[in-house]
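Data block below; observations after.
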2 protein chains.
Amino acid sequence: MTTLRDIAEALGVSRTSVSNAFNRPDQLSPDLKDRILAKAKELGYLGPDPVARMLRTGQAGAIGIVFAESLPFAFSDPAAITLLQGVAAVCEPVDKALVLLPALDEAAAQTAIRSAAVDGFIVYCLPEGSPVMPALRERGRPLATVDQRPIPGIPAVRIDDRAGAETCARHLLDLGHRRFGIIAMEMNLTSTGGLVTGDRFADSRFSGTTERLRGYERGLGRAGILLDQVVIYEADDPGEEAGKTAALTVLQQSPRPTALLVMSDRLAIGAMQAAEALGLAVPRDLSIVGFDDIPAAAQVTPALTTIRQPFFEKGRTVAAAVLDPAATPDVTLFPYDLIVRSSTGPAPDRAVGS
Amino acid sequence: MTTLRDIAEALGVSRTSVSNAFNRPDQLSPDLKDRILAKAKELGYLGPDPVARMLRTGQAGAIGIVFAESLPFAFSDPAAITLLQGVAAVCEPVDKALVLLPALDEAAAQTAIRSAAVDGFIVYCLPEGSPVMPALRERGRPLATVDQRPIPGIPAVRIDDRAGAETCARHLLDLGHRRFGIIAMEMNLTSTGGLVTGDRFADSRFSGTTERLRGYERGLGRAGILLDQVVIYEADDPGEEAGKTAALTVLQQSPRPTALLVMSDRLAIGAMQAAEALGLAVPRDLSIVGFDDIPAAAQVTPALTTIRQPFFEKGRTVAAAVLDPAATPDVTLFPYDLIVRSSTGPAPDRAVGS
DNA sequence: CCGGATTTCTGAATGCATTCAGTCACGGTG
DNA sequence: CACCGTGACTGAATGCATTCAGAAATCCGG
């Protein structure tokens, strides 16, 4: 394998000059530059080795992203994809590559983190207490988190999930609903799903789940409804199928809820399928509110009422935070919006409201 | 900044031992190992520098992916995402990270390629003659292409686009259609879109576009229909909006086509929106066939008839090809399937067929 | 033709860890 | 007691390029 040195020797010039020929051609007489480049081609030199350059300059030219779940799984999440788009949109103009760290499990994530050549890490949706976080800190690189519980000293990007969820609850209350079901996202990495009682949520490791539940609680509380009066089902994964399974159970409780508070659009879309399977018309018999406003939310029939949050912007912001940690506030809170579409309507029979 | 050497000196042991303490703890007496680890912690050592290790071992522990378009754009493509999932599924178990190379434009892609610390590259959907390809070869790393014209000596993964497209055409022919419109994907990176004649496709740089058109041509040829008897519109980007714009024009030609051959599902979904805007019922007034079978194809109403191709599998295969180039055949052709759903039906008035 | 400003080029230190081929000491064996 | 195998540990070469400070050469005006 040819190196800078070989070329320098073959030509009787210094290594510096060869390096300059590639990196700062203006520092060299055109003649020498051409001779160097020609010799390089002749010897089959592949150009300065990027790794050696990194070692010398201390710049990796890349930033890493770590997800709580395995990569193929993370890619199935439209919200994560949009976030990634935002991240890419700021990395690209500054020529930073994006490194997706494999995270088959927590151990794998840790080794990946230890051996990643990156200038900083974006941390997405890690559960509280994850051992991945210490591994990240040990690398001593800039860090920023998104959609997880803020850690003091590390820039965090998120929305006010609690307030968003409260808004959902109030929307349904305003429509006259009084019997609710809640379909929750996972509370931790190893969730098996199933019906749960409100207090078990104290164990939740995922900030989004915890906060949204608290938000529902607060919202429903305004009508005097307590969490143990509502059916709560924890989905065992973030996919539509899990939402369907969850809703199937929730909708077979009696008295049947007239409205479903669902923590994500994917789950909500699954819930709509369940409603259809049970012959319930949405929103006539059942109202459903999602969360996130993923692209599919507007496309399903009926279109989903949901909370919109700016994933793309969030992506841009975390990326910027990692790129320039100094200029970043501790936590950036983005606005959210209730988008009322066709999946919510007046409670079917107000007289029955508990 | 603390290094291996500092610890070795502080403890009066060799660098080798310190290195071993981290990488091969079994080579060391437990006592020494503990002392080293303790001292490392004490001195705030962050662990062996991954870049230095890469330099020494020649392993980057990552593979790069290059797209023809800018990253945020690439992420909007459901097919690319599924492919990525497949790639991730094989990289993850072998602890390889995935490096997304920024490609704001071709020049940016080239610098990114030159400075990426990766063990190999996956090349997705590059147009023919792209200057990115030579840059890739210069790096001298394993390469594999997917969804683009195969390059001799480089493993390629694809489907038989031509045959797939021919199948679409025959399907419509079998339903009695005789007046066709074609909505084509971009022919090159700088396409501005618009109506085109069949022969201009000789200029197409994107293999998928070229092949699919040839396939339509061959299919329609069986009924004696030549390409210049059909309206062809080249979309100016891969998005749904572009499909709608295209279809709006195509459907206003007279005589109006009774069937649309659309080169991708995203464009096809856009075309369905156009049909709706024009008050045409699908499939009663107009049949539409897409290509790719992205998840949305099954979800739109009416569900889209399309060609299914195994993106996930394709991803796995290219990734495997880069990881182990020796064991890889020159070109891997995946099967495709015509999935007949509800967007195609009998021609409205067979008597009018040209 | 001279002094100083430029331009061009070089030396050598530096970044950090891995790894092969041993050395050394110790315990067991005949 | 001599010899050998084994485990523990070390030396030093090696991977490849960047960069600062300064030397050498060239050029300018006067």
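Below, chain A is the first sequence line, B the second, and so on; all start at residue 1.
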Look at [X] and [N] and indicate whether a side-chain polar atom (N or O) is within less than 4.0 Å of OP1 or OP2.
{"X": "B:Arg24", "N": "C:dT18", "value": "no"}
{"X": "A:Arg15", "N": "D:dA17", "value": "no"}
{"X": "B:Asn23", "N": "C:dA17", "value": "no"}
{"X": "B:Ser17", "N": "D:dT10", "value": "yes"}
{"X": "A:Ser19", "N": "D:dT18", "value": "yes"}

Base, sugar-phosphate, or nothing for [X], non-hydrogen atoms under 4.0 angstrom?
{"X": "B:Val13", "value": "sugar-phosphate"}
{"X": "B:Val18", "value": "nothing"}
{"X": "A:Phe22", "value": "nothing"}
{"X": "A:Thr3", "value": "sugar-phosphate"}

Using whole Å, report how far [atom1] of [X] lies from [atom2] of [N].
{"X": "A:Gln27", "N": "D:dT19", "atom1": "CD", "atom2": "P", "result": "11 Å"}
{"X": "A:Leu28", "N": "D:dA24", "atom1": "CG", "atom2": "C1'", "result": "15 Å"}
{"X": "A:Leu4", "N": "C:dA12", "atom1": "CG", "atom2": "P", "result": "18 Å"}
{"X": "B:Arg114", "N": "D:dA17", "atom1": "CZ", "atom2": "C1'", "result": "17 Å"}
{"X": "B:Asp26", "N": "D:dG7", "atom1": "CG", "atom2": "P", "result": "11 Å"}
{"X": "B:Met1", "N": "C:dT14", "atom1": "CE", "atom2": "P", "result": "17 Å"}
{"X": "B:Met54", "N": "C:dT18", "atom1": "CE", "atom2": "P", "result": "12 Å"}
{"X": "A:Ile36", "N": "C:dC9", "atom1": "CD1", "atom2": "P", "result": "8 Å"}

Testing C:dC16, D:dT19, D:dA8 for proximity to the side chain of B:Ser29, the answer is D:dA8
Which nucleotide in C:dG15, D:dA17, D:dT19 has an atom nearest any side-chain atom of A:Pro48: D:dA17
Going by modelled atom types, is there a donor-acceptor pair between the base of C:dT14 and the side chain of A:Arg56 at under 3.5 Å? yes
Any salt bridge between A:Asp31 and A:Arg35, counting N to O under 4.0 Å? yes
A:Arg114 bridged to A:Glu138 by N-O distance under 4.0 Å: yes
Expected output: side-chain B:Gln148 to main-chain B:Glu128 donor-acceptor under 3.5 Å: no
Please answer whether the main-chain N or O of B:Arg53 pairs with a side-chain N or O of B:Thr57 as donor and acceptor at a distance below 3.5 Å. yes
5'-most by nearest nucleotide on DNA chain D - B:Asp31 or B:Ala52: B:Asp31
Starting from the 5' end of DNA chain D, give me the residue, A:Leu55 or B:Lys33, whose nearest nucleotide shows up first. B:Lys33
Which residue, A:Thr16 or A:Pro30, contacts DNA chain C at a nucleotide closer to its 5' end, judged by nearest heavy atom? A:Pro30
Examine the side chains of A:Glu92 and B:Ser70 and answer whether a donor and an acceptor come within less than 3.5 Å of each other. yes
Are B:Tyr45 and B:Phe22 close enough, and set up right, to give a ring pair (Phe, Tyr, Trp, His ring centres under 6.0 Å), and what steps lead you there? CA-CA 11 Å; B:Tyr45 179 59; B:Phe22 285 94; 5.4 Å; yes
